[in-house]
Every structure is written in structure tokens, then in C-alpha cells.
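Structure first, then comments.
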Amino acid sequence: MEKISSYETLFIVDVQQGEEAQKALVEKFTNLIAANGTIESVNEWGKRKLAYPINDLNEGYYVLVDFKSAPSFPLELERVFGITDGIMRSIVIKHDEKKAAAKAEKAPAAEEAPAADAE
């Protein structure tokens, strides 16, 4: 059995396709991720101005998804992003497990410190 790892993906949907097509693409990819792993969060940033034009377009619909899956799935996800019309850009990033664990340990300590100052 493959080890489960944490990932995040950010993809940009072409806004010229219309709102229904945007929702369909977001649903398609969230369903694909859910079928091959566990979704931790979906954060739809919405329509935003691009930092630079892509295919002469200046706006895109941004979606960030945090998920856990086997290491073989992100390659398939990137392949599907690449062949899907309407996806302007996409990236899949593996979270560093050691940094995530260290950050999780620091977070409770940081929350307790201000409470001690308030007394």
C-alpha cells in the first residue's frame, strides 16, 4: 500500500467559458480528487486579475484544493489538467510532512502565549 501524502493544487479556469462551465470544471476536478484521495478543503478565490496575460486573457477563476492521496495520483491529476479545455494554468504541490508537523506543534504554543499576556 502506498503512503498517503498531503498536497495542494491551484488551478485557474478560463472565465470566458461562462459561469456554468466554470462550476462544471471545479466540480469535475473536486470529484476527481475526492475519488482518488481525501479533500481537506476547497477554497474558491473566484474571479481575479492575472499577473500577466495568458492567451490574451487578463482574468481567471482561481480554485485552491488541499487534499491527501497516494503519491501516484498527483501525476495523473496534472495530466488531466493539461488535456482539459478551459484550464489556463495549474500546479500541484506536495506538502513537506516535517514542516507541517513542526508548524502544527508551534501553532498551539503561539495561541496560548497571548492568553497568558492578557491575565
Side-chain angles (χ1 to χ4, degrees):
M1 182 165 164
E2 291 183 282
K3 182 181 180 241
I4 301 298
S5 297
S6 293
Y7 299 90
E8 70 180 30
T9 183
L10 177 70
F11 58 97
I12 306 171
V13 179
D14 182 354
V15 294
Q16 288 191 323
Q17 293 195 340
E19 203 169 306
E20 299 224 354
Q22 288 173 16
K23 287 180 183 179
L25 280 174
V26 171
E27 188 174 324
K28 172 186 174 174
F29 283 103
T30 53
N31 289 341
L32 178 64
I33 294 167
N36 292 281
T38 306
I39 293 179
E40 295 185 339
S41 68
V42 177
N43 189 351
E44 293 189 36
W45 294 354
K47 192 172 169 181
R48 301 252 173 130
K49 185 169 172 51
L50 302 173
Y52 56 90
I54 300 172
N55 301 331
D56 295 325
L57 300 175
N58 293 314
E59 289 184 323
Y61 189 85
Y62 285 70
V63 181
L64 176 70
V65 181
D66 287 311
F67 65 98
K68 290 187 176 187
S69 74
S72 58
F73 175 64
L75 286 174
E76 175 64 12
L77 181 61
E78 287 178 341
R79 185 188 74 79
V80 176
F81 277 138
I83 62 172
T84 303
D85 287 338
I87 299 296
M88 296 169 65
R89 288 285 187 273
S90 64
I91 187 168
V92 179
I93 301 169
K94 181 178 179 185
H95 289 175
D96 186 344
E97 302 296 330
K98 292 178 186 173
K99 285 184 182 178
K103 188 176 181 181
E105 288 176 13
K106 286 182 182 179
E111 290 173 5
E112 291 171 14
D117 292 341
E119 291 176 11

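Keep in mind the model is a prediction, meaning the values are calculated, not measured.
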So how far is it from Glu27 CD to Gln22 CD, rounded to the nearest 0.5 Å? 13.5 Å

With a 4.5 Å cut-off on side-chain heavy atoms, are Val13 and Ile87 touching? yes

Less than 4.5 Å apart, side chain to side chain, heavy atoms only: is that true for Ile33 and Thr9? yes

Which heavy-atom pair separates Tyr7 from Pro71 by the least distance, and what is that distance? OH-CA, 3.2 Å

Is Lys68 close to Glu40 at the side-chain level, that is, under 4.5 Å between some pair of heavy atoms? yes

What residues join Leu57 in its hydrophobic cluster, counting side-chain heavy atom gaps under 4.5 Å, either direct or through other members? Leu10, Ile12, Trp45, Leu50, Tyr52, Ile54, Tyr62, Leu64, Met88, Ile91, Ile93

Pairwise side-chain contact, Phe67 with Leu77, heavy-atom cut-off 4.5 Å (strictly under): yes

Taking atom CG of Asn31 and atom CG of Asn36, what is their separation to the nearest 0.5 Å? 11.0 Å

Give me the atom names and distance for the closest heavy-atom approach of Ala70 to Ile4. N-CD1, 4.0 Å

At what distance, to the nearest 0.5 angstrom, does CZ of Arg89 lie from CZ of Phe11? 15.5 Å

Quick one: does Phe73's side chain get under 4.5 Å of Ser5's, heavy atoms only? no

Could I get the full list of salt bridge (charged side-chain N to carboxylate O under 4.0 Å, His left out) partners for Lys94, not counting sequence neighbours? none

Could you please spell out the steps behind the salt bridge (charged side-chain N to carboxylate O under 4.0 Å, His left out) verdict for Arg79 and Glu76? CA-CA 5 Å; Arg79 185 188 74 79; Glu76 175 64 12; 2.9 Å; yes

Are Leu25 and Tyr61 close enough that some pair of their side-chain heavy atoms sits under 4.5 Å apart? no

